[in-house]
Amino acid sequence: MAEYSVFSLVRQALSGHKGWIRAWRDPEPKKSYDVIIIGGGGHGLATAYYLARNHGITNVAILEKGYIGGGNVGRNTTIVRSNYLLDGNNHFYEHSLKLWEGLSSDLNYNVMFSQRGVLNLAHSDGQMDAHARRGNAMRLNGVDSALLDRRDVQQLYPYLDFSENARFPIYGGLLQPRGGTARHDAVAWGFARGADRLGVDIIQNCEVTGFERDGDRVTAVKTSRGTIGCGRVGMAVAGNTSRVAQMVGLELPIESHVLQAFVSEPLKKLIDGVVTFGAGHFYISQSDKGGLVLGGDLDFYNSYAQRGNLPTVENVMALGCAMMPNIRRVRILRSWGGIMDMSMDGSPIISKTPIDNLYLNAGWCYGGFKATPGSGWVFAHTIAEDKPHRFNEALSLERFATGHLLDEGGKGPTPKLH
Amino acid sequence: MIFGRLPLEQSHRLLTGGAIDRLKPLSFSFDGRSYRGYAGDTLASALLANGVTVMGRSFKYHRPRGVMSAGPEEPNALVELRSGARREPNTRATMIELFHGLRATSQNRWPCLRFDAMEVNDLLSRFLVAGFYYKTFMGFPGWHFWEKRIRAAAGMGAGTVEHDPDGYETMNAHCDVLVVGGGPAGLAAALTAGRTGARVILVDETDGLGGRLRSERDTLDGKPAIAWAASVAAELADLPEVRVLTRTTAFGIYDNNLVGAVERLADHMPVPPAHVARQRLWHIRPQRVIVAAGAIERPLVFGGNDRPGVMLAGAVRTYLNRFAVTPGKRAVVVANNDDGYRTAFDLAAAGIDVMQILDTRSASHGAWRERALAAGFDVAEGSAVTNAYGRMGLVGCDIARLDGRGGTVGDSRFVPCDLIANSGGWTPSIHLHSHAGGKAEWNDQIAAFLPGSVRSDVVTIGAARGRFALSDCLSDGFKAGAEAASSCGFGTGTAPDAPITDEVPTAPLQALWSVPPTPGKKVKRFVDHQDDVTVEDIELAHREGFVSVEHLKRYTTLGMGTDQGKTSNINGHALMAAARGQSIPTVGTTTFRPPYTPVAMGAFAGRTTGRHLAPTRRTALHDWHAANGVVFIEAGPWLRPQYYLQPGEAVSKETMDRAITDEVVTTRTKVGISDVSSLGKIDVQGPDSAEFLNRVYSNGFAALPVGKARYGLMLREDGLVDDDGTTSRLSDTHFLMTTTTVHAAKVLADLEWYLQVVWPELDVRVSSVTEQWAGMALPGPKAREVLAAAVDPGADVSNEALPYLGVTCTATIRGVPVRIFRISFSGELGYEINAPADWGIAVWEAVMEAGEDHGIRPYGLEAMGIMRIEKGHVAGPELDGRTTPDDLGLGRMASTKKWFVGRGMLDKPAFTDPDRPKLVGLVPVDGVSRIRAGSILVDDPDAATPVPKLGHITSSAYLSPTVGHPISLGLLARGRERIGQEVWAVFPLRGIRVRARVTETCFVDPEGKKLHG
Amino acid sequence: MAEIMTLPPRRSALDSVWVLGDYGIPGPSGPGVTIIRRLGLGAIQLDARRDTAAAVARAVSDSLGIALPAPGRAASGGEFRAIWIGPERWMLLGSDSTGLEARLRAAVEPAGGSVIDQSHGRAILRLSGPRVRDTLAKGTGIDLHPRAFAENTAAQTGLFHLSVTIDRRRGTGTFDVHAMRGFAQSLHESLCEAAAEFGYRLA
Amino acid sequence: MIRIPCPHCGPRDHDEFSYVGDATKVRPADPAATSPEDWHRYVYLRDNPRGAHLEYWHHIQGCRAYLKVLRDTATHEVLASGRPEDALEAPR
Ligand SMILES: Cc1cc2nc3c(=O)[nH]c(=O)nc-3n(C[C@H](O)[C@H](O)[C@H](O)COP(=O)(O)OP(=O)(O)OC[C@H]3O[C@@H](n4cnc5c(N)ncnc54)[C@H](O)[C@@H]3O)c2cc1C
Ligand SMILES: NC(=O)c1ccc[n+]([C@@H]2O[C@H](COP(=O)([O-])OP(=O)(O)OC[C@H]3O[C@@H](n4cnc5c(N)ncnc54)[C@H](O)[C@@H]3O)[C@@H](O)[C@H]2O)c1
Ligand SMILES: Cc1cc2nc3c(=O)[nH]c(=O)nc-3n(C[C@H](O)[C@H](O)[C@H](O)COP(=O)(O)O)c2cc1C
Ligand SMILES: [Zn+2]
């Protein structure tokens, strides 16, 4: 049974669910493909899907070194929003958010996109002003946002710390009502199934180990499952970007850092939307299963280990307990880490590269999940048309040299600070 | 009294035996009903003693569930413990130590445990298979509609919205040897290591030492093994360098063997005693870690294996032997290993009818079997339970012969029973080994993963490495303890002899991953009890291509519950391996992640929360402000005066506005004083100091004369503005640099960077002296008169002696040596006085006294902010990390005569783009409308979205008392060319738009006459 | 010349919170921790610059009679104490009446050292008693066991998230803690909360 | 917790330090003679290896020295540490 619907579900239920077929095939790699996408994360899968769907390019392979969705798409805190200050980012992320809004129907896969609202708290007048500037800029771009004062926030989340005991009192916050969360694994699987149904080959356990070159072109991709010829190559390997780029001699404005995330024991509904603390890096929401999903700062040092250290854990929890003193007794069930491709200005890169037929999708820092459909859309366009889509023009690789930086936080070329 | 009814008698309690204290009865309640148990009980054992079998409901199907285990692996018996602000959902009844007045309620049911409306899910279970939600809820009315319902049903227990009243703390410890687990292996290791004089820490998750010995009837040297454990515990308590922490879970090993452990100091009490934290998080830094965490028993996967009354065999022995509880009256025992026999003996010893021993192995000829047969037990080999019956408690089960190929032979037989003790073998607890980076190696003999290679400083011993015989656990422990101590330089490394056990040799187990259903019956066979993952779900995942164990986990949620698959993962992975036709090691296992068992967020946070989230930094003048009407405001770590109320005034919008205006007016017309102690102060000394400053500042410092101050601008390496401040030359080789409050620490670190790493050839030392000096700004037309009156005789502060940007370090005030800088942020004639901090208030008071006749008053950050906007000085909102010197009108401060940090990047095309926003002033055309910071500047607010933006308002004063109308600063594209023109400042979030005229940035005394006056 | 004036009394960062007395739950033999403020101290930072360490050390030993300690160490000499606080950097302590700063300046500046008065920038607490180590261990990751941190050991480290100097003095479990003045109240609160379960005395 | 051997203070927890980053990046010695491309390479580009990584840490809560550390970014194991001027090599 290939099509998903409540009717197919009922029909299958009556026959013991014996008729369901694989969500995606498990093909052997072909000799060559028109386009090879390296990385079976959200972005790679979405790119392949939109290459086929929007550009009719179906002779496509996704090469994934492990299992699809095992990278950051499968280990993030699932927050989706488009509340960016700078136009170069805002237009791109809003495009992505619009795609999220129709994604489940488009994919015939329920990715559980839930627009429960994303609230960023503010703890000083200066922060309120900065939020206002961002919210105003969003409004002028036609994006929803609302500036809440202390009382508005208290109405939404009465259990936040509004007491005298709060070290950094809550002044208000910026709310994006259309922001929310999605089921991370479903996004990977939905795009995989969608791409597969359009003819894309998803090849797991296939690690890219090198490239064959002919001058400024890549002619084939060397993998743990043999060499595969290619027309064009799109790279979407997130935390592993520098390693793969090095195989073609590219040095990039990227450092890899570990970001931890946490899930609590499942609880009855406690937190409606997504709330982020403004006096430290902390964000929290509640999964449909009931677990509180939370995270915070990087571990601050370059790392390729998908695990972090205790000081960061404690810092995240301290911020969480300070923001929401009612969750101190809630128990953390599991912690894990993901490798972030931290760019030097904190914004992503979707770009052509000095190599003619190699395209780069990277630098997502900790914000690339929300970009998944938008990133796939414009990356597919960039690969298919050999030029950027208008929504990723600002996300070029050259911007670091020219100074057209997209530094939302104004932190400068210090990745750990973004 | 909370307990209305009389306690019921403990119908399932043995009259003798166990480690409970019958002299200490404790009352408690479950679901509002009162019961009685004994000290030493867990909630689970006490409920069982009272004949309570159903303790919870499963996650998805809401099936009634009893207790399955007696330890941390419990997936079923989860309750809400306590109430109100202390309510703790999902608490494992098996781990709750009974205390007097304990209150627990069942969870995840409505309206009550016995009748749960959500049990309808069980009837609908054929629709609610793994991943059903991905396949539906997509079209009308959409996910939002369904999600509300699903969220309402999901989750297990309910959290609280009240603030937790209890405290938490952190504790650091160092030791030579850390032993995790106080079972026989861990005790032996800790004892051997401890005797050498090494520093040893032993942690155990439970309330006492002994591990499995507390549950079994083993003997050592002919005495009960538990007596041996007690004697070891006593000896350990006497060793000065040994620390034993019970109720302490080692939840994770982090880099360099930092072991995180959480000690539950007060969870076994109604409330924590005064000054005692509820839980304490330990950072243990051992040289060697010995993991003796034991093993966890696996259930067999058969029809109805989740019925209340189906228990792990080892748990049954625990309830019998440790708690003197009979979990049933008529038992069936089923196992794929010798534990079945052992359990049958213990059951019989407690007077329970053993209806049947089922040995699933086709043929076993071990000593245990012989003993069981000799003792007259009814043993059926190659047989298993194929389905269990009884919704709220077991009534019986089908048993059948297995054909060894996944089916049964012949008819099944019904056996009445109220207890099924089952064992599918034991899974070593390799969690910590895995955290430490150790591999898992499959072992066919025990059908489980064993710890594979890892660094030598983390060793796993005893049952945790698959050594299940007590004698092996002991010898492991003695050896590991001796080796670990000697590797740290203690003892000789030789292990003492282990005590003699009375073990019966065991025959090997025979893996059995699922039992076929009773022929002709549709049964549910649970692999993951908590998340209701069945054998069929695993088969479905396989059919749909979710065949890697990671996909299996995420698709079915196998092992994702509060127990993290402690009892279910191996069974589930093995079933997937079978479906794939591959071996278990090929299929592999999922990743072990901290915490080993769930840990409260508060424990991680420790004291660092609430008021203590970040340390508070107070200036040396703090106490004066506090006594004089101040309203403080957080400024990073600092508390700084925001404004000052007059005696008798209360905080309100009106009093605040009045205070701020008065503070500005007083300062501009008379004289004001403010606390600027928080500005960073960096002492720079050494022969190359001038050269150094010349490199780090964009403007020149080489030629700054002694006794003079200069405003300086610092860039980052990327060419954008980093910080500003004044730096004074105190002598040829001695400077005092000031920084903004926010960047003080970063600037110091940067200076150290350049000196230590980049230019080690420069002979310069830098140190923070921020704390040494209290700083006060004294601006206003009367400032000189006030200062002259304040300084002690002899000091000359005349315009000649101390001109604009002059510095003197020789004056005293009330005898206190002070440094006086003639600099000003407000644009008035002004001074900054630095006084040694302990004398700060004395000097401040002297200045106040001197200014009294001139009407001096203190002003806070708000007034300071307004005055700096009036002067067009840049601050935080302008120094936002995205601006170049030229953007801020400070282009002339980027010297063209020398190199300085950041210059190499200044010529980038984007930085020299004429369209870049430049700093300008903006005033409302109507003269009254406020232009809020955060407004966006546009030409046409009604343009179609996206509306083109020209810049934004960075800072604004709702009213400049000096010019009499609102003023603001903003960054505006080609701003300097637009001076005199009008733009819109829009604030769509509030529906505000203000017509604004572009002006110069300085609104007051643009020629700077006042400064020089 | 300005007339000789009596200086105002120094006001410590903890004046407003220092209320003498016993707090918390004392142990069987009284409070587990006793805390006193070390008042009236001069704390003078001494930096040796490039290649001057030996000369500076000689100058200090000649004029103050104290040997500058090696990294991680502290030393007493006469009425002074010297603590290593960083590469080629020491903190010298002596009571206000010793004229420490002036003496140091005279001695080391010619030898190429820099002198910085930090007397008012530090709050110095002395902790003693049977539970001092347990109290400090709640806030610092360094090992304070006598085997690792013997007398005259000193460390620059973190204590309750603050940068401090911990100086192990002579005698059983006596430690001096130097904190930045501005954070003194925060540190004091943390120490008191940590010590409350053992009982503590502000003396 | 990574234990970082400070050449001055001995081994300390990494949370006493602040991480600086890639120590193979050497700031151009003669800024005037440095091309925009070289500045770009210094400020923005990183080798970002998986495995041994030479990096700077600042002992900010300790002696305030900058140190050079050779650390494996895959395992977090510290292979060597020293002063900024030291050339570090992995043991053996
Ligand atoms: C803890 C955490 C929290 C986060 N929270 C959020 C959030 O709330 N909101 C948000 O928007 N974003 C968040 N993110 C960021 C987001 O997850 C990522 O930016 C995004 O998923 C990256 O894109 P991706 O999905 O393509 O990456 P990945 O899923 O990492 O995909 C890259 C894939 O490339 C594969 N690969 C790598 N090297 C090779 C090779 N040589 N050959 C073949 N395959 C290779 C990897 O195995 C991997 O599967 C978070 C990230 C983390 C780690
Ligand atoms: N019948 C069998 O086949 C069988 C199987 C396994 C074990 N056993 C018996 O069990 C005993 C095993 O001895 P052992 O010492 O190896 O283990 P144990 O199970 O006796 O003790 C382990 C101890 O470690 C504690 N623990 C586990 N993880 C912890 C953590 N993360 N933090 C703190 N404490 C933790 C537990 O609370 C427990 O007290 C022997 O007596 C052995 O014969 C028998
Ligand atoms: C949004 C989200 C929710 C999660 N919820 C759970 C959960 O309820 N239970 C659980 O065991 N793990 C949960 N996880 C964590 C995964 O088990 C897993 O740790 C994570 O995907 C990283 O993979 P790894 O641990 O295999 O490296 C969740 C992860 C994410 C991203
Ligand atoms: Zn150090």
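Letters A, B, ... mirror the listed sequences (proteins, then strands); counts begin at 1. Since we're looking at a predicted model, the values are computed, not measured.
A distance of 8.0 Å separates CG in Asp763(B) from CG in Asp51(C), rounded to the nearest 0.5 Å. Taking CZ of Phe149(C) as the reference point, atom NE2 of His174(B) lies at 10.5 Å (rounded to 0.5 Å). Summarising the geometry, atom CD1 belonging to Ile116(C) is positioned 9.5 Å from atom OG belonging to Ser768(B); distances are rounded to the nearest 0.5 Å. For the atom pair Lys138(C) NZ and Trp282(B) CH2, the distance stands at 9.5 Å (nearest 0.5 Å). Note that CG of Leu7(C) and CG of Asp838(B) are 11.5 Å apart. Values are rounded to the nearest 0.5 Å. One finds the OG atom of Ser16(C) at 8.0 Å from the CZ atom of Arg618(B) (value rounded to the nearest 0.5 Å).
For chain C, no part of Val791(B) is nearby; none of its heavy atoms comes within less than 4.5 Å. Using a 4.5 Å cut-off between heavy atoms, Ala48(C) touches chain B through its backbone atoms (N, CA, C, O) alone. When heavy atoms are compared at a cutoff of 4.5 Å, Arg89(C) approaches chain B by way of both its backbone and its side chain. For Ser12(C), the part sitting under 4.5 Å from any heavy atom of chain B is the backbone (N, CA, C, O) and nothing else. Looking at Val17(C), there are no atoms closer than 4.5 Å to chain B (heavy atoms on both sides), in backbone or side chain. The part of Pro760(B) that comes within reach of chain C is its backbone (N, CA, C, O), which places non-hydrogen atoms under 4.5 angstrom from that chain. Looking at Arg285(B), only its side chain comes within 4.5 Å of chain C, counting heavy atoms on both sides. Both the backbone and the side chain of Ala194(C) come within less than 4.5 Å of a heavy atom in chain B. In this structure, the portion of Arg607(B) lying under 4.5 Å from any heavy atom of chain C is its side chain and not its backbone. In this structure, the portions of Ile25(C) lying under 4.5 Å from any heavy atom of chain B include both its backbone and its side chain. Heavy-atom distances place both the backbone and the side chain of Asp117(C) under 4.5 Å from chain B. Of the atoms belonging to Asp683(B), it is side-chain heavy atoms, and not backbone ones, that fall under 4.5 Å from chain C. If you measure heavy-atom distances from Leu136(C) to chain B, you find no contacts under 4.5 Å at all. Only the backbone of Leu762(B) comes within contact range of chain C, with at least one heavy atom under 4.5 Å from a heavy atom of that chain. For Ala842(B), the part sitting under 4.5 Å from any heavy atom of chain C is the side chain, from C-beta outward, and nothing else. Only the backbone of Glu761(B) comes within contact range of chain C, with at least one heavy atom under 4.5 Å from a heavy atom of that chain.
The most heavy-atom pairs under 4.5 Å with chain C, out of Met171(B), Arg199(B), His283(B), Gln685(B), come from Arg199(B). Ranked by heavy-atom pairs under 4.5 Å with chain C, the list Val769(B), Leu258(B), Val276(B), Asp623(B) is led by Asp623(B). Your options are Gly141(C), Ala196(C), Ser114(C), and the one with the most heavy-atom pairs under 4.5 Å with chain B is Gly141(C). In terms of heavy-atom pairs under 4.5 Å with chain B, the best-connected choice from His161(C), His145(C), Gln118(C) is His145(C). When the candidates Leu639(B), Thr608(B), Leu281(B), Val843(B) are compared by the number of heavy-atom contacts under 4.5 Å with chain C, Thr608(B) comes out ahead. Per-residue heavy-atom pair counts under 4.5 Å with chain C were compared for Pro687(B), Gly686(B), Ala837(B), Ala173(B), and the maximum is reached by Ala837(B).
Listed by chain and number, the residues in a ring-ring contact (aromatic ring centres under 6.0 Å, His included) with Phe632(B) are His622(B) (sequence neighbours excluded).
No donor-acceptor pair closer than 3.5 Å links the side chain of Asp47(C) to the backbone N or O of Arg765(B). Counting only distance, with no hydrogens or angles, the side chain of Thr616(B) and the backbone of Ser186(C) share no donor-acceptor pair below 3.5 Å.
The minimum heavy-atom distance linking Ser767(B) with Gln45(C) is given by the pair OG-NE2, 2.8 Å.
Ion pairing of Arg280(B) with Glu197(C) is present here, as a side-chain N (NZ or NE/NH1/NH2) and a carboxylate O approach within less than 4.0 Å. One finds no salt bridge joining Asp688(B) and Arg49(C) here, because no Lys/Arg side-chain nitrogen approaches an Asp/Glu carboxylate oxygen to under 4.0 Å.
Put simply, the side chain of Val764(B) does not reach to within 4.5 Å of the side chain of Arg50(C), judged on heavy atoms. Between Arg617(B) and Met180(C) the shortest side-chain heavy-atom distance falls below 4.5 Å.
A donor-acceptor contact closer than 3.5 angstrom is absent between the side chains of Gln772(B) and Ser119(C). When only modelled atom types and interatomic distance are considered, Glu193(C) and His612(B) share a side-chain donor-acceptor pair under 3.5 Å.
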> After noting the C-alpha distance and the side-chain angles of Trp839(B) and Arg11(C), does the key distance pass the side-chain contact (heavy atoms from CB on, under 4.5 Å) rule?
Replying inline: CA-CA 6 Å; Trp839(B) 290 317; Arg11(C) 196 189 155 87; over 6 Å; no

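Surrounding CZ of Arg170(C) are at most 12 heavy atoms belonging to other residues, nucleotides or ligands under 6.0 Å away.
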